[in-house]
Amino acid sequence: MSDALTGVWETLASQAPFFSELLWEHLQISATAILIALVVGGVVGILISEFQRAARPTLGVINFLYTIPSISMLGFLIPFSGVGDATAVIALTVYALLPMAKSMHTGLANVDPAILEAARGMGGTRMQVLARIKLPLAAPVVMSGVRSMVTMTIALAGIASFIGAGGLGVAIYRGITTNNAAMTMAGSLLIALLALVADFLLGLVERGVVRHRRRTRGGLVAAVASCVVALAFAGYGLLAPATGKDTIRIATKPMTEQYILGDMLKLLIEQDTGLKVEMTQGVGGGTSNIEPAMEKGDYDLYPEYTGTGWNLVLGNDGTYSEGQFDTLRQEYADRLNMRWVGMYGFNDTYGIAVRSDVAERYGLRSYSDLAAVSGRLTFGAEYDFFERKDGYQALCDAYGLGFATTMDLDIGLKYQALSEGRIDAAVVFTTDGQLVSPGVTVLEDNRHFFPSYRCGTVVRQEALDAHPELVAVLERLDGAITDEDMARMNHEVESDGKDPETVAEEFLRGRGLLSSGGGQP
Amino acid sequence: MTAAIEYRDVSKSYGDKSVIEHLDLAVDRGAFVTVVGSSGCGKTTILKMVNGLVAPTSGAVLVDGEDIREKDQVELRRNIGYAIQGSILFSHMTVERNISYVPSLLNRGNRERTRAAVTRWMRIVGLPEELRDRYPDELSGGQQQRVGIARALAASPDILLMDEPFGAVDEITRGQLQTELRRIHDETGITVMFVTHDVSEALRLGTMVLAMEGGKVQQYAPPEELLRDPATDFVRRLVERERRRCSLPDDLLGRCEHSGAGSVGGDASSDLETIA
């Protein structure tokens, strides 16, 4: 335990700027959602208390929204608001609405009707009774609702990174993806701390509201006002346009090698051009979410794999082979107005790995061997694989595989699940750093089922038109990285605990692609 | 002179249940009317008809000779003092803000004037100045009731409606409050309608007593007349105990210090002269 804590502390200390930026982003995203929910939820709560007939249907709708799992909610929203902060804020706001509206409604409904009749009977108008009597008397109930809403929102904002928004979820997700437990814990710990601090501050405000003593009233108003100002300030930073014309926005998928590649691209672009780079690392869902965002212009470039582009993006049938690369490029240009610039050289294709003891017990060498015993085995893969055309079903059809059970796993958790025996076989990538581990045997694709997945940079043509100098920069990575290079770098991050940035920088420096002072001005 | 409050053939029913039946009543300006009857007899209902909190099913309620349906309800209410059952205060407001609730709604005058009015009313209802910034939960029951009275009177209304305002205090405090209220009435000449279920309180305070039962008026008369000459069996039963407090013959009950009628102030005794 103390080892883990030391690890967390070291991670935090060594990457303080990284974490403080995430913390600030986290605060901005949650603050914006909280502020909107306070106003909208509060107003809805007031309206349904004033017009009781609307209460049941309204609360029913909000209740329904509340029961949608957060992952699905984000999925629903992406087609409308894309990936990024806006979607995160909308999703968080939707969840925060219920506790806010409900506590406002409950608070107002529980005010003694005799008091209200007195207030009305003495000549208060509806608004006066509401503002002077109802709301102040409902305040304690509303405040406790606000507290739980705020804590919940801060915690839930951890999922924002899944759709490419910032925040501490980035650290958690990156930790999971790159097998860095300390990073995950540090991110979680900071979220918990943030929620606790927010709850504590609101507790002070609440005590002021409940005790309603005159001498604290001035202080209370000041506290509430400063909270609102701070929230608004935090929210403004988020909504204000953050990117100028001279900013290149890079996205990466939630995979270790993509983090490294993203950092390489950033280092090179910033060294060779005057452009600023804004990076969104580890967008959840990978291609499924990055590609639509590219089409909308939210991102300018990202590392992609040819086979993925062929099947998932272009929607072509059949197994992609590198002989079709020219067709791929042409279709990208014609249909998406995007270009492939700079193929890194390595081919990160699929492979099937089984636990070594399983391989020994059944004498497994190839996929065909596996087919004979698959009915007794559990198979794990990331959700992408079960969905894609060249994925699980096609694999099973090609080899006559039929696993006893299948399990959806995040890419970063597969080897752990393998070694723990929760799964027996998994889809892996040929550049996985953990392939060096002795506990895992990679089987032979004896019928050449899996397509080729060479990796390269996909760029929006508009970005290239605006910044033609990018082409030369991106081409510097052409053929620069072999399968072995990539697997080794992945291993350095996932098993040796190095930062993706450091690994990227060391590699570029080793190849003479980065001048001595470059990358860290 | 038009009556301060007038009910013209007022009936009220909730669904099939009739609460008030054909009420015809005129309350003179400056009268102190106590409304007495068992619970559910409709006494609170007729009180709330005056400030429009309850609308009659048929008939009309007039204030200063004008049908209240023709008046702006908010305006009407601001000119009528209202003290609810138990004089419940706004718990989130100080004594000062409670008392200045109606003046602050009117937005009339400045802070100084409001402060001065609060000071005056606190003195009139017998509240020490140092309670001004206290919250209701820091006051005794009696003090709370006094704040309730001051709150009802703060905008200097012509009519004061009180619905069992002294329900929740001990006997001694209650006696003090009753005395204060009569004094205020005598000093200001305000028209008061005071609902109570306590017959002795009704007889002690009212210049006129309205006895009600089953939504109907049983008797509307000065207290001594109720004691001397109950109009119905209900009224007789109602005042029976008060009558027995005194051994004088019926026609002299009004002179007795112990009977409810005897403790009434000046104007009642002038009535007694004519009786004698």
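Chain letters run A, B, ... following the sequence lines, proteins first and then strands; every chain starts at 1.
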| task | Verify side-chain contact (heavy atoms from CB on, under 4.5 Å) between B:Ser104 and A:Gln128, making sure each step is shown before the conclusion. | result | CA-CA 10 Å; B:Ser104 75; A:Gln128 286 172 330; over 6 Å; no

| note | If you tally heavy-atom pairs under 4.5 Å between each of A:Ile133, A:Ile115, A:Leu137 and chain B, the highest tally belongs to A:Ile133

| So, the side chain of B:His92 versus the backbone of A:Ala139: is there a donor-acceptor pair under 3.5 Å, distance only? | no

| message | To the closest 0.5 Å, what do you measure between CD1 (B:Ile84) and CZ (A:Arg120)? | response | 12.0 Å

| remark: Residues B:Ile88 and A:Ala114: closest non-hydrogen pair is CD1-CB, 4.0 Å

| field | Contacting region of B:Leu89 [heavy-atom separation from chain A under 4.5 Å] | value | backbone

| Rounded to the nearest 0.5 Å, how far apart are OG1 of A:Thr125 and CD of B:Glu75? | 11.5 Å

| task | Please check if atom CD in A:Glu21 has more than 12 non-hydrogen atoms from other residues, nucleotides or ligands closer than 6.0 Å. | result | no

| request: For A:Arg132 and B:Met93, work out which heavy atoms get closest and say how close. | output: O-CE, 3.7 Å

| Atom pair CZ (B:Arg78) and CE (A:Met122), whose distance is rounded to the nearest 0.5 Å | 12.0 Å

| request: Give a yes or no on whether the backbone of A:Ala119 and the side-chain of B:Tyr101 come within a donor-acceptor separation of less than 3.5 Å. | output: yes

| task | Return yes when atom NZ of B:Lys12 has more than 12 non-hydrogen atoms of other residues, nucleotides or ligands closer than 6.0 Å, and no otherwise. | result | yes

